[in-house]
**Q** 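One structure, as structure tokens, below. Some questions next.
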Amino acid sequence: MRFDAITLFPEIFAGITGHGVTSRALSQGLWSFHAWNPRDYTQDVHRTVDDRPYGGGPGMVMMAAPLEAAVRDVQADRERLGQPRGQVVLLSPTGRRFDQSAAAQWIAGPGKILVCGRYEGVDQRFVDRCVDEEWSLGDFVLSGGELAALPMMDACVRLLPGVLNDDQSALQDSFHVNLDGLLDSPHYTRPEIYDGEAVPEALLSGHHARIARWRRDQSLRLTLARRPELIEQARRDGRLDKADEKLLLGLQG
Ligand SMILES: CC(C)(C)c1cccc(C(=O)NCC2(NC(=O)c3cccc4nocc34)CCCCC2)c1
């Protein structure tokens with residue numbers, strides 16, 4: 001899987017290229033990354049990438065030409081290497097909401113070209129001419145598209161075969177397999193008594209069925225309390241068994 005980022009701040013991507021499982025996967029060649037700075041595609045001596053908004057208003061807008069020139073260079077680079085084109089994605093608050101299923105869809109494709117906005121946004125003519133999809137991380141104000149691109153890329157790379165070992169993929173699988181879309185149960189590790197607080201007795205029992213039941217119950221309780229819509233989704237998908245429903249009935253009364 002290849003990711004390209006069009007960004008004024010390529011160093012931000014060290015967050016995943018330089019640390020942890022995503023960094024190791026990069027060095028193992030399980031995925032690849034290239035950052036392209038629009039500033040390298042300017043023609044003026046000041047390397048201007050932004051300008052004031054027509055119609056007035058605060059802040060600056062990223063100009064279309066450097067962005068488009070960068071995108072065309074990425075596409076030419078992929079073509080030169082015989083790699084598939086890949087969609088141009090604008091990270092944007094108006095985009096479709098990214099989630100785990102989006103990550104699964106993204107890794108099925110050739111790899112996205114991620115355009116990261118700064119200032120007040122990008123010239124609409126660039127969007128009309130070059131952008132295939134807009135995706136959003138959520139409804140909050142961010143300083144730049146890079147800060148949404150990073151978690152999306154992380155979610156995708158973790159899904160690639162060979163990136164996570166069996167231990168690490170437990171969390172990944174649990175989202176879709178053990179917990180199937182429910183919140184995770186509480187975690188505990190040594191010491192057994194921490195400042196007088198003990199680990200729940202079920203987890204010390206050594207009885208795997210009892211431990212699994214305790215964890216499932218905790219996930220259902222927590223999900224019902226914090227994200228009830230995930231319970232509904234699991235019910236619609238037929239992912240709740242009789243014991244689950246019995247517990248939920250007791251909780252919901
Ligand atoms: C109603 C709402 C969502 C609060 C909102 C409304 C208006 C503006 C913003 C905002 O944050 N503008 C700044 C800007 N944000 C983003 O790029 C961005 C934000 C959130 C999720 C994202 N996912 O990808 C990219 C995302 C970065 C600088 C270039 C212009 C876009 C937010």
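Side chains included, hydrogens not; waters and symmetry mates left out as well; all remaining heavy atoms used. In each ligand, atom 1 is the first atom listed, and ligand 1 is the first ligand listed.
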**Q** Could you check whether the rings of W31 and F3 sit parallel, tilted or perpendicular, using 30° and 60° as the cut-offs?
**A** perpendicular
**Q** Under the criterion salt bridge (Lys or Arg N to Asp or Glu O under 4.0 Å), I'd like the reasoning laid out for E192 against R190: C-alpha separation, chi angles, the key distance, then a yes or no.
**A** CA-CA 5 Å; E192 194 177 312; R190 290 183 302 174; over 6 Å; no
**Q** I need the nearest protein heavy-atom contact for atom 27 (C) of ligand 1: residue, atom name and distance, please.
**A** L142 O, 3.4 Å
**Q** Any atoms of ligand 1 less than 4.0 Å from a non-hydrogen atom of E120? List them with their elements.
**A** 30 (C)
**Q** Is the closest protein non-hydrogen atom to atom 13 (C) of ligand 1 under 4.0 Å?
**A** yes
**Q** Give the residue and atom name of whichever protein heavy atom lies nearest to atom 28 (C) of ligand 1, and the separation in Å to one decimal.
**A** Y119 O, 3.3 Å
**Q** Side chain, backbone, both or neither: which applies to S143 and ligand 1 if a contact is any heavy-atom pair less than 4.0 Å apart?
**A** backbone
**Q** Answer yes or no: is there an ion pair linking D40 with R47, defined by an N-O contact shorter than 4.0 Å?
**A** yes
**Q** Does an N or O anywhere in G121 fall below 3.5 Å from an N or O of ligand 1?
**A** no
**Q** With a 4.5 Å heavy-atom cut-off, do D51 and V61 have their side chains touching?
**A** no
**Q** Under 4.0 Å between a side-chain nitrogen and a carboxylate oxygen: does that hold for R80 and D77?
**A** yes
**Q** Counting each atom of ligand 1 from 1 as listed, which ones have a heavy atom of F140 under 4.0 Å away?
**A** 3 (C), 4 (C), 11 (O), 19 (C), 20 (C), 32 (C)
**Q** When you check the gap from the basic side-chain N to the acidic O, do E245 and K242 get nearer than 4.0 Å?
**A** no
**Q** I need the nearest protein heavy-atom contact for atom 23 (N) of ligand 1: residue, atom name and distance, please.
**A** L137 N, 2.9 Å
**Q** Salt-bridged, E133 to R96, with N to O below 4.0 Å?
**A** no
**Q** State plainly whether the residues R118 and D50 are in salt-bridge range, i.e. N to O under 4.0 Å.
**A** no
**Q** Under 4.0 Å from a heavy atom of R118: which atoms of ligand 1 are those, numbered in the order shown and with their elements?
**A** 28 (C), 29 (C)
**Q** Answer yes or no for W135: is there a heavy-atom contact with ligand 1 below 4.0 Å?
**A** yes
**Q** Which residue holds the protein heavy atom closest to atom 25 (C) of ligand 1, what is that atom called, and what is the gap in Å?
**A** S92 N, 3.2 Å
**Q** What residue and atom, counting heavy atoms only, is the protein's closest point to atom 16 (C) of ligand 1, and at what distance?
**A** P93 CD, 3.6 Å
**Q** For a quick test of reading the model, state the closest non-hydrogen atom pair linking E134 to V131 and the distance between them.
**A** CG-CG1, 4.1 Å
**Q** Determine if the distance from atom 20 (C) of ligand 1 to the closest protein heavy atom is below 4.0 Å.
**A** yes
**Q** Using a strict cut-off of less than 4.0 Å between a Lys/Arg side-chain nitrogen and an Asp/Glu carboxylate oxygen, indicate whether D244 and R235 qualify as a salt bridge.
**A** no
**Q** Heavy-atom distances under 4.0 Å decide this one: backbone, side chain, both or neither, for A148 against ligand 1?
**A** side chain
**Q** Which ligand 1 atoms are under 4.0 Å away from a heavy-atom of G138?
**A** 20 (C), 21 (C)
